Amino acid sequence: MKQDIFKQMLKDKGLKVTGQRLLVLETMAAHPGEHLTAEEIFDLARQQYPEIGLATVYRTLQVLVELRLIDKLSIDDGSARYELGRELGSGRHHHHHAICLGCRTVFSLEEDLLDNLEQSLRDRLGFAVTDHEVKFYGYCRTCLSKGMPVKKRTGAAKDPGLKDKYNKEERV
């Protein structure tokens, strides 16, 4: 995305346009489809602007998340991941993710699978859903073909083995 678009979006949100904010947005735009940690964004941004500090990146990410310019995603690996938000993307609900417990690939599911459920909540309860997030945990085709053991899990997907990086992504 062009720098003028980012500048205008920051102005529209009432934010001062700073080099650090633009750099973080440009860094993320240069890595579409990746779920980057703050540290990864920092490392990438430092290549263009060596003086930027990690604390500045964290503060900038927090502001951009609050303004919904970027999305914060937790994949239960102990660190937050960030991607361009719906205002810089499609403008619709946050997309869903399927996470392979074998190779750690994150698949983005672009279609909104919950439209009917949202309408039902509105009709039956008068409840208007403004956003949702769905994460599926399991094994990808490649890992299944390698004979990964498939065990049905109960409860939240809290796997201590999820400390590896999720830099790969495929769109489904």
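A quick note: this is a predicted structure, and the numbers were derived from the prediction, not measured.
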> When you look at CG of Asp123, are more than 12 heavy atoms from neighbouring residues, nucleotides or ligands closer to it than 6.0 Å?
Replying inline: yes
> Just how far is it from atom CG of Asp4 to atom NZ of Lys11, taken to the nearest 0.5 Å?
Replying inline: 9.5 Å
>> Can you give me the closest heavy-atom contact between Leu67 and Lys13, atom names plus distance?
In response: O-NZ, 3.2 Å
> Hey, which of Ile41, Thr18, Thr56 is the one that makes side chain to side chain contact (heavy atoms under 4.5 Å, CB included) with Val24?
Replying inline: Ile41
> From Lys146 NZ over to Leu144 CG, what is the distance, rounded to the nearest 0.5 angstrom?
Replying inline: 11.0 Å
>> Is a donor from one side chain sitting under 3.5 angstrom from an acceptor on the other, for Asp12 and Gln8?
In response: yes
>> Would you say Glu34 and Tyr82 are linked by a side-chain donor-acceptor pair, where the criterion is simply a distance under 3.5 Å?
In response: no
> Rounded to the nearest 0.5 Å, how far does NZ of Lys72 lie from CD of Glu66?
Replying inline: 9.5 Å
>> Please find the pair of heavy atoms, one from Cys100 and one from Tyr139, that lie closest to each other, and give the distance.
In response: SG-CA, 3.8 Å
>> Rounded at 0.5 Å granularity, tell me how far NE2 in His35 sits from CD1 in Ile99.
In response: 8.5 Å
> Which value, rounded to the nearest 0.5 Å, describes the distance between Leu54 atom CG and Arg46 atom CZ?
Replying inline: 9.0 Å
> Can you list the steps and then say if Phe6 with Val17 is a side chain to side chain contact (heavy atoms under 4.5 Å, CB included)?
Replying inline: CA-CA 9 Å; Phe6 290 142; Val17 177; over 6 Å; no
> Which atoms form the tightest heavy-atom contact between Ala38 and Leu61, and what is the distance?
Replying inline: CB-CD1, 3.6 Å
> Rounded to the nearest 0.5 Å, how far does OG of Ser74 lie from NE2 of His97?
Replying inline: 11.5 Å
> For Val129 and Arg122, what are the C-alpha separation, side-chain angles and deciding distance, and is it a side chain to side chain contact (heavy atoms under 4.5 Å, CB included)?
Replying inline: CA-CA 8 Å; Val129 176; Arg122 186 174 196 82; over 6 Å; no
> Lys16 and Leu10: side chain to side chain contact (heavy atoms under 4.5 Å, CB included), yes or no, with the steps?
Replying inline: CA-CA 7 Å; Lys16 182 178 174 186; Leu10 291 170; over 6 Å; no
>> Show, in sequence, the C-alpha distance, side-chain angles and deciding distance for Asp71 and Leu84, and conclude whether the side chain to side chain contact (heavy atoms under 4.5 Å, CB included) test is met.
In response: CA-CA 6 Å; Asp71 289 330; Leu84 289 180; over 6 Å; no
